[in-house]
Amino acid sequence: MPELPEVEVVRRGLERWVAGRTVAEVEVLHPRAVRRHPAGGADFAARLAGHRFGTAMRRGKYLWIPLADADASVLGHLGMSGQLLVQPHEAPDEKHLRIRVRFDDARGTELRFVDQRTFGGLSLHDNTPDGLPDVIAHIARDPLDPAFDDAGFQSALRQRRTTIKRALLDQSLISGVGNIYADEALWRSKLHYERPTATMTRPRSAELLGHVRDVMNAALAAGGTSFDSLYVNVNGESGYFDRSLDAYGREDEPCRRCGTPMRRRPWMNRSSYFCPRCQRPPRP
DNA sequence: ACCACGTCCTGTCGGC
DNA sequence: TGCCGACAGGACGTGG
C-alpha cells in the first residue's frame, strides 16, 4: 500500500534509471492498467514511442515522467499493489506484468509496470502551464512540498463539515496521506478519527500537520515502508519500515504510550486503529 | 458546492 | 479437505 514515502522512493528510482532514455516500444498487456488513458492501450503505446523521458516528478501519491521533447507526461499511480520495476530484458515476465516499456539504448533493461490488484495504472496527458498533467490539477500539494500552504489547510479544515480522518484522506485538501499514515498521525496527535474538523483549532491543526510530516519523513528515512509483500520499489527491492508503526495494524496490542489495548473499528470499507484512552471519541 | 458512500480488483486467511 | 466470506484500500462517480 504505497503512500507518499514509498512513491517518493520509486520516483528516485525512476530518476536514476530511466531519465534521459528514449522509448522504443510499449506493450500494454492489460487494458485496466491504462484505463485513465481515454484513447486506450494502442494509442498510449503509439503516442509514447519515440519520446525521451525527463526527470520523474511527484505530487502526493501521483508520479509523472515529463517527456523531454513534448509538453506532455506519462502519469502513474501505484494504487494498492503497483510496482515499477527496471528489469533486464531476459528476466521472466512477472505474473501480473501489465505494461512493458522498451528503450532504444543498449543498457539491457526495460521498465515494467506490475500490478496484482490493478488499482494503479499509467496514462499520457498534456501538461498544464505549471507542468502538471492536466488530470491531476485538482490534487492538493502534499505536506512535504515546500509550497504547501499550512494556513490555508488549517482554515479549510475549520470550514469543512466533516471529520478529521476523512479530511486527511481527501486528496484535494492534502495529498499523499493514506489510511496507514492517517492513523499514525492521529495517534501521535491524540486525536480520535471522528473528531469534527470544525473543532480543529490552529494549534491543534499545526500539531497534526507536524505529526503527518514526522511520520512521512521517518518512513522516507527508512527507505519507504511496506506492510505488504506486494510492494517493491523501482529496482525490485522490498522496503520495510520495520516495527515503527504505533497504531496501524496493532489491534489488541498495548498502546505504546499508555498500555491500553489498541482497537480496530470498521470505517469506510477499511479500518481505523486507535487507542481508546489516548484518543477519546468526540462528544456527540 | 459540499459531503458520503459504493465500486473496482485479486489474493490470502480463518472459520466451519 | 474444501468452500466461502472478510479483508486489504486509493480515487472516482454518483446521489443526496
Side-chain angles (χ1 to χ4, degrees), chain A residues 1-8 10 28-38 58-64 75-84 94-99 113-123 125 132-143 152-153 155-186 193-200 212 216 219 224-232 238 245 247-252 263-273:
Chain A
M1 313 148 215
E3 295 187 28
L4 185 153
E6 293 81 4
V7 176
E8 174 59 19
V10 172
V28 176
L29 300 147
H30 196 299
R32 218 179 117 77
V34 290
R35 70 190 179 287
R36 289 199 73 168
H37 188 83
R58 182 189 56 72
R59 174 176 285 195
K61 291 174 254 191
Y62 279 97
L63 279 169
W64 67 95
L75 178 66
H77 198 293
L78 302 177
M80 282 287 294
S81 53
Q83 306 166 38
L84 280 165
E94 290 75 11
K95 182 175 179 190
H96 301 292
L97 176 63
R98 309 302 190 195
I99 299 171
F113 180 72
V114 176
D115 190 5
Q116 175 199 113
R117 288 175 235 183
T118 68
F119 276 47
L122 302 182
S123 47
H125 304 278
L132 207 66
D134 53 17
V135 295
I136 60 159
H138 65 290
I139 300 290
R141 290 183 187 273
D142 62 64
F153 174 71
S155 46
L157 274 190
R158 301 210 58 170
Q159 283 163 24
R160 286 284 179 123
R161 290 296 174 266
T162 186
T163 49
I164 190 62
K165 187 169 172 182
R166 280 185 160 89
L168 282 177
L169 297 182
D170 183 340
Q171 306 294 301
S172 68
L173 272 181
I174 180 171
S175 68
V177 184
N179 199 42
I180 295 169
Y181 294 129
D183 280 0
E184 293 300 306
L186 289 170
Y193 59 100
E194 281 183 321
R195 167 176 286 275
T197 49
T199 70
M200 292 291 288
V212 169
M216 286 183 169
T225 15
S226 171
F227 318 103
D228 188 317
S229 61
L230 289 171
Y231 172 72
V232 185
S238 186
L245 296 178
Y248 184 84
R250 299 197 64 243
E251 184 179 20
D252 297 332
R263 294 209 179 134
R264 181 180 75 88
R265 287 282 174 275
W267 182 84
M268 294 285 293
N269 291 329
R270 31 181 77 63
S271 294
S272 275
Y273 296 89

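Residue numbering restarts at 1 for every chain, and letters A, B, ... go by the order of the sequence lines.
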query: What is the per-nucleotide protein-contact pattern of nucleotides 11-16 of chain C, from the 5' end, where B denotes a base atom under 4.0 Å from a protein heavy atom, S denotes such proximity for sugar-phosphate atoms only, and - denotes neither?
result: SS----
query: When every nucleotide of nucleotides 8-15 of chain B is labelled 5' to 3' by its protein contacts under 4.0 Å (heavy atoms), B for base, S for sugar-phosphate only, - for none, what sequence of letters results?
result: BBBS----
Is any side-chain heavy atom of [Y] closer than 4.5 Å to one of [X]?
X	Y	value
Leu63(A)	Leu84(A)	yes
Trp64(A)	Ile136(A)	yes
Tyr193(A)	Arg265(A)	yes

task: Check the pair Val114(A), His96(A) against side chain to side chain contact (heavy atoms under 4.5 Å, CB included), reporting the backbone distance first and the verdict last.
output: CA-CA 5 Å; Val114(A) 176; His96(A) 301 292; 4.2 Å; yes
Specify the separation, in whole Å, of atom [atom1] of [X] and atom [atom2] of [N].
X	N	atom1	atom2	answer
Glu3(A)	dA8(C)	CD	P	14 Å
Glu194(A)	dA4(B)	CD	P	11 Å
Arg166(A)	dG10(C)	CZ	C1'	15 Å
Leu157(A)	dC2(B)	CG	P	14 Å
Arg265(A)	dC7(C)	CZ	P	13 Å
Tyr181(A)	dG10(C)	OH	C1'	15 Å
Met80(A)	dT7(B)	CE	C1'	14 Å
Leu75(A)	dG10(C)	CG	P	17 Å

query: Which value, rounded to the nearest 0.5 Å, describes the distance between Ile139(A) atom CD1 and Arg59(A) atom CZ?
result: 8.5 Å
message: Using 0.5 Å steps for rounding, measure from the CD atom of Gln116(A) to the CZ atom of Arg98(A).
response: 8.5 Å
message: Show the nearest heavy-atom pair for residues Glu184(A) and Ala247(A), with the distance to one decimal.
response: OE2-N, 2.8 Å
query: Under 4.0 Å between a Lys/Arg side-chain N and an Asp/Glu carboxylate O for Arg58(A) and Asp142(A)?
result: yes
query: Charged N to carboxylate O below 4.0 Å: is that the case for Asp252(A) and Arg264(A)?
result: no
message: Measuring to OP1 and OP2 of dC7(C), would you say a side-chain N or O of Ser271(A) lies under 4.0 angstrom away?
response: no
message: Can you tell me which nucleotide in dG10(C), dA4(B), dA8(C) comes closest to the side chain of Tyr248(A)?
response: dA8(C)
message: Side chain of Asn269(A), heavy atoms from C-beta onward: which of dA8(C), dG6(B), dC5(B) has the nearest atom to it?
response: dG6(B)
- request: May I ask you to say what Asp115(A) touches in the nucleic acid, namely base, sugar-phosphate or nothing, with a heavy-atom cut-off under 4.0 Å?
  value: nothing
